[in-house]
Amino acid sequence: LIKDEKLAVEFYNSSGYPITARFIDDSNIRYIKYKNGGYYYYQSIKDIVEETTTITICEGIFDCVNLSNYYIDFKSNLFFAMNSRKYNSCFKYLISKYFLLGHYNFNIVFDNDAAINVENEKAKLFEIKNQYNSKCKLNFYMPMYTKDVSELMLIKRT
């Protein structure tokens with residue numbers, strides 16, 4: 001699409017809703033975050049919830065796409081990109097809407113930057129898990145050498 005006289009690629013989730021757009025130029029503004037864009041997922045939630053026991057949550061669309069394509073340990077996961085750093089609200093949405101009953105593994109992949117207090121985020125995520133479905137398991141990951149998981153595809157468990 002053309003936005004503000006610049007070329008951009010628009011991303012839609014599996015439900016057909018536009019989530020964000022990425023500019024294709026050298027400007028400082030890389031993404032357009034739509035006001036009611038929601039979460040990015042390329043798989044059909046309803047089809048996959050019954051078959052999948054592992055859900056991976058990451059910050060951005062490229063993190064999500066690259067982890068699903070190139071990180072072998074996450075191959076059969078359901079992937080969600082928040083397009084923000086609101087791990088708590090995304091996790092609460094998913095667990096309360098789709099994963100109240102049963103045993104599920106959630107892989108939470110943080111970006112490696114100083115803008116988030118990882119230990120504080122982990123504590124809040126454990127509170128949500130215990131409130132909605134204590135049978136869930138939380139696994140936390142961060143990039144080993146870069147800021148963003150999609151840059152090098154090397155992550156470590158924290």
Side-chain angles (χ1 to χ4, degrees), residues 1-52 54-99 104-118 120-122 124-125 128 132 138-156 158:
L1 77 116
I2 303 292
K3 182 79 172 168
D4 299 328
E5 299 182 16
K6 296 178 183 178
L7 185 61
V9 176
E10 195 165 48
F11 290 88
Y12 293 77
N13 65 22
S14 176
S15 299
Y17 297 108
I19 302 301
T20 190
R22 170 78 157 90
F23 284 112
I24 304 173
D25 68 5
D26 293 333
S27 71
N28 291 336
I29 302 171
R30 294 181 1 189
Y31 292 94
I32 302 169
K33 184 167 170 124
Y34 298 145
K35 189 173 185 174
N36 296 316
Y39 303 117
Y40 173 77
Y41 47 92
Y42 63 87
Q43 301 127 311
S44 170
I45 297 173
K46 293 178 182 171
D47 292 343
I48 208 163
V49 163
E50 295 176 6
E51 303 167 12
T52 303
T54 305
I55 301 89
T56 296
I57 301 171
C58 48
E59 278 191 24
I61 288 174
F62 289 107
D63 299 334
C64 180
V65 170
N66 286 330
L67 283 169
S68 68
N69 283 327
Y70 303 113
Y71 196 69
I72 193 95
D73 293 343
F74 292 174
K75 274 292 185 196
S76 61
N77 293 2
L78 172 63
F79 289 90
F80 266 77
M82 303 172 294
N83 299 314
S84 70
R85 291 188 175 114
K86 297 179 181 177
Y87 291 92
N88 298 327
S89 59
C90 181
F91 180 59
K92 187 175 180 177
Y93 165 79
L94 287 173
I95 199 168
S96 65
K97 185 160 179 145
Y98 299 106
F99 304 104
Y104 298 98
N105 297 307
F106 283 88
N107 295 321
I108 312 294
V109 182
F110 296 107
D111 274 4
N112 197 9
D113 56 15
I116 189 169
N117 181 333
V118 172
N120 190 33
E121 288 296 314
K122 285 181 183 180
K124 290 176 186 175
L125 291 165
I128 293 167
Y132 288 94
L138 298 178
N139 306 298
F140 301 99
Y141 297 88
M142 290 183 78
M144 292 174 66
Y145 303 110
T146 58
K147 176 211 162 289
D148 194 89
V149 70
S150 65
E151 292 173 4
L152 194 55
M153 296 310 303
L154 293 172
I155 61 175
K156 62 182 174 185
T158 62

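Computed from a predicted model, the values in this text were never measured in an experiment.
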Can you list the residues that meet the side chain to side chain contact (heavy atoms under 4.5 Å, CB included) rule with Lys97, with sequence neighbours excluded? Tyr93
Rounded to the nearest 0.5 Å, what separates atom CG in Leu1 from atom CG in Leu7? 7.5 Å
Ile61 and Ala81: which non-hydrogen atoms are nearest, and at how many Å? N-CB, 3.7 Å
If we only count heavy atoms from C-beta on, is the Phe23 to Lys3 side-chain gap below 4.5 Å? yes
Is there side-chain contact between Tyr12 and Ile19, with at least one heavy-atom pair below 4.5 Å? no
With a 4.5 Å heavy-atom cut-off, do Ile108 and Leu125 have their side chains touching?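 Touching, per the 4.5 Å side-chain cut-off.
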For the NZ atom on Lys92, are there more than 12 heavy atoms of other groups (residues, nucleotides or ligands in this structure) within a distance under 6.0 Å? no
Distance-minimising heavy-atom pair for Ile57 and Phe106: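 Closest pair (atom of Ile57, atom of Phe106, distance): CD1-CD2, 4.1 Å.
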Derivation and outcome, ring pair (Phe, Tyr, Trp, His ring centres under 6.0 Å), residues Phe99 and Tyr132: CA-CA 9 Å; Phe99 304 104; Tyr132 288 94; over 10 Å; no
Ignoring hydrogens and angles, tell me if any N or O in the side chain of Asn120 forms a donor-acceptor pair with the backbone of Asn117 under 3.5 Å.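 No.
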Just by distance, do the side chain of Asn77 and the backbone of Phe79 share a donor-acceptor pair under 3.5 Å?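 It does not hold such a pair.
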For Asn139, all residues meeting side chain to side chain contact (heavy atoms under 4.5 Å, CB included), sequence neighbours excluded: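 Asn139 satisfies side chain to side chain contact (heavy atoms under 4.5 Å, CB included) with Asn105, Asn107, Lys137, Tyr141, Arg157 once adjacent residues are dropped.
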Checking ring pair (Phe, Tyr, Trp, His ring centres under 6.0 Å) for the pair Phe62/Phe11: CA distance, chi angles, key distance, verdict? CA-CA 11 Å; Phe62 289 107; Phe11 290 88; 5.6 Å; yes
Please test Thr56 against Leu78 for side-chain contact (heavy atoms from CB on, under 4.5 Å), starting from the C-alpha separation and ending with a verdict. CA-CA 6 Å; Thr56 296; Leu78 172 63; over 6 Å; no
Who are the salt bridge (charged side-chain N to carboxylate O under 4.0 Å, His left out) partners of Lys86, not counting sequence neighbours?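 Listed in chain order: nothing, the list is empty.
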Any side-chain heavy atom of Leu94 sitting closer than 4.5 Å to one from Phe80? yes
Evaluate the side-chain contact (heavy atoms from CB on, under 4.5 Å) criterion for residues Phe74 and Val109: first the C-alpha distance (whole Å), next the side-chain angles of each, then the deciding distance (0.1 Å), finally the verdict. CA-CA 11 Å; Phe74 292 174; Val109 182; 4.0 Å; yes
Quick one: does Glu59's side chain get under 4.5 Å of Tyr87's, heavy atoms only? yes
